[in-house]
Engineer: 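Let me give you the structure first, and then I'll get to my questions.
Below, all heavy atoms of this structure are taken into account, side chains as well, without hydrogens, waters or symmetry copies. All of these numbers come straight from a predicted model, not from anything done at the bench.
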Amino acid sequence: MNRMAAVALNTFKETIRDRVLLVIVVFALAMIVAALWLASISLGETARMMQDFGLVAVTAFGVIVAVFVAGTLVRKEVEKRTVFVVFSKPVRRGEFITGKFLGLSLTMAVVLAGMGAFLFLLTWLVGG
């Protein structure tokens with residue numbers, strides 16, 4: 001269990017430092033702010049449009065983050081040849097993959113919570 005937790009924590013730290021993740025999250029926050037413009041053209045439903053468009057942006061960019069980050073997760077390990085160092089330790093393949101999955105899940109939870117909190121704050125400021 002400690003080995004899986006170590007792999008998960010390392011995966012979380014590695015994915016948070018990834019530039020692709022940063023670019024996607026910044027673009028998602030920009031799309032949530034763009035919902036202000038879309039909400040302004042609706043007649044009297046500003047808060048509702050803001051919530052709906054913001055939730056679509058959070059969901060869509062959550063999927064994009066999962067695809068891009070998960071797609072490069074193991075490939076980077078093999079390219080950098082760090083996977084061989086990990087497997088020379090007493091870490092089984094199943095523990096490695098499960099740890100990677102848990103690290104990615106933690107990353108997704110943090111990213112989605114951040115985007116959701118930003119949407120909540122923006123909706124609260126606009127809608128009252």
Engineer: State, with a plain yes or no, whether a side-chain heavy atom of Leu22 is found less than 4.5 Å away from one of Asp18.
Structural biologist: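 Not in contact.
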Engineer: Same cluster or not: Met108 versus Val110, using hydrophobic residues (I, L, V, M, F, W, Y) connected whenever any side-chain heavy atoms lie under 4.5 Å apart?
Structural biologist: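 Met108 clusters together with Val110.
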Engineer: Are Ile41 and Leu36 co-members of a hydrophobic cluster defined by side-chain heavy atoms under 4.5 Å apart?
Structural biologist: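 In one cluster: yes.
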Engineer: Side-chain heavy atoms nearer than 4.5 Å, only ILVMFWY residues, links allowed to pass through others: does that put Val26 and Phe68 together?
Structural biologist: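 In one cluster: no.
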Engineer: In residues 47-65, what donor-acceptor pairs under 3.5 Å come from side-chain atoms, sequence neighbours left out?
Structural biologist:
{"residue": "Arg48", "atom": "NE", "partner": "Asp52", "partner atom": "OD2", "Å": "3.1"}
{"residue": "Thr59", "atom": "OG1", "partner": "Leu55", "partner atom": "O", "Å": "2.8"}

Engineer: How close do Leu21 and Ile16 get, counting heavy atoms only, and between which atoms?
Structural biologist: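 What the structure gives for the nearest pair is CD2-CA, 3.9 Å.
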Engineer: Got a second to check how far Arg93's CZ is from Phe96's CZ, nearest 0.5 Å?
Structural biologist: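 CZ of Phe96 is found 11.0 Å from CZ of Arg93.
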Engineer: Going by heavy atoms in the side chains, are Leu121 and Trp124 under 4.5 Å from each other?
Structural biologist: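 The answer is yes, as the side chains (C-beta and beyond) meet within the 4.5 Å cut-off.
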Engineer: Please say yes or no: joined through hydrophobic side-chain contacts below 4.5 Å, possibly via intermediate residues, are Phe101 and Val69 part of one cluster?
Structural biologist: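 Phe101 and Val69: separate clusters.
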Engineer: Donor-acceptor pairs under 3.5 Å, side chain of residues 1-13 to any protein atom, not counting sequence neighbours: which ones?
Structural biologist:
{"residue": "Arg3", "atom": "NE", "partner": "Pro90", "partner atom": "O", "Å": "3.1"}
{"residue": "Arg3", "atom": "NE", "partner": "Glu95", "partner atom": "OE1", "Å": "3.1"}
{"residue": "Arg3", "atom": "NH1", "partner": "Pro90", "partner atom": "O", "Å": "3.1"}
{"residue": "Arg3", "atom": "NH2", "partner": "Glu95", "partner atom": "OE2", "Å": "3.0"}
{"residue": "Thr11", "atom": "OG1", "partner": "Val7", "partner atom": "O", "Å": "2.7"}
{"residue": "Thr11", "atom": "OG1", "partner": "Lys100", "partner atom": "NZ", "Å": "3.4"}

Engineer: Mind checking whether Leu112 and Phe27 sit in one hydrophobic cluster, side chains of I, L, V, M, F, W, Y counted as touching below 4.5 Å?
Structural biologist: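 Yes, Leu112 connects to Phe27 through the hydrophobic network.
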Engineer: Please say whether more than 12 non-hydrogen atoms of neighbouring residues, nucleotides or ligands are located less than 6.0 Å from CZ in Arg19.
Structural biologist: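 No, not enclosed.
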Engineer: Among Leu29, Ile32, Val33, exactly one meets side chain to side chain contact (heavy atoms under 4.5 Å, CB included) together with Leu119. Which residue is that?
Structural biologist: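 In the set Leu29, Ile32, Val33, the residue that makes a side chain to side chain contact (heavy atoms under 4.5 Å, CB included) with Leu119 is Ile32.
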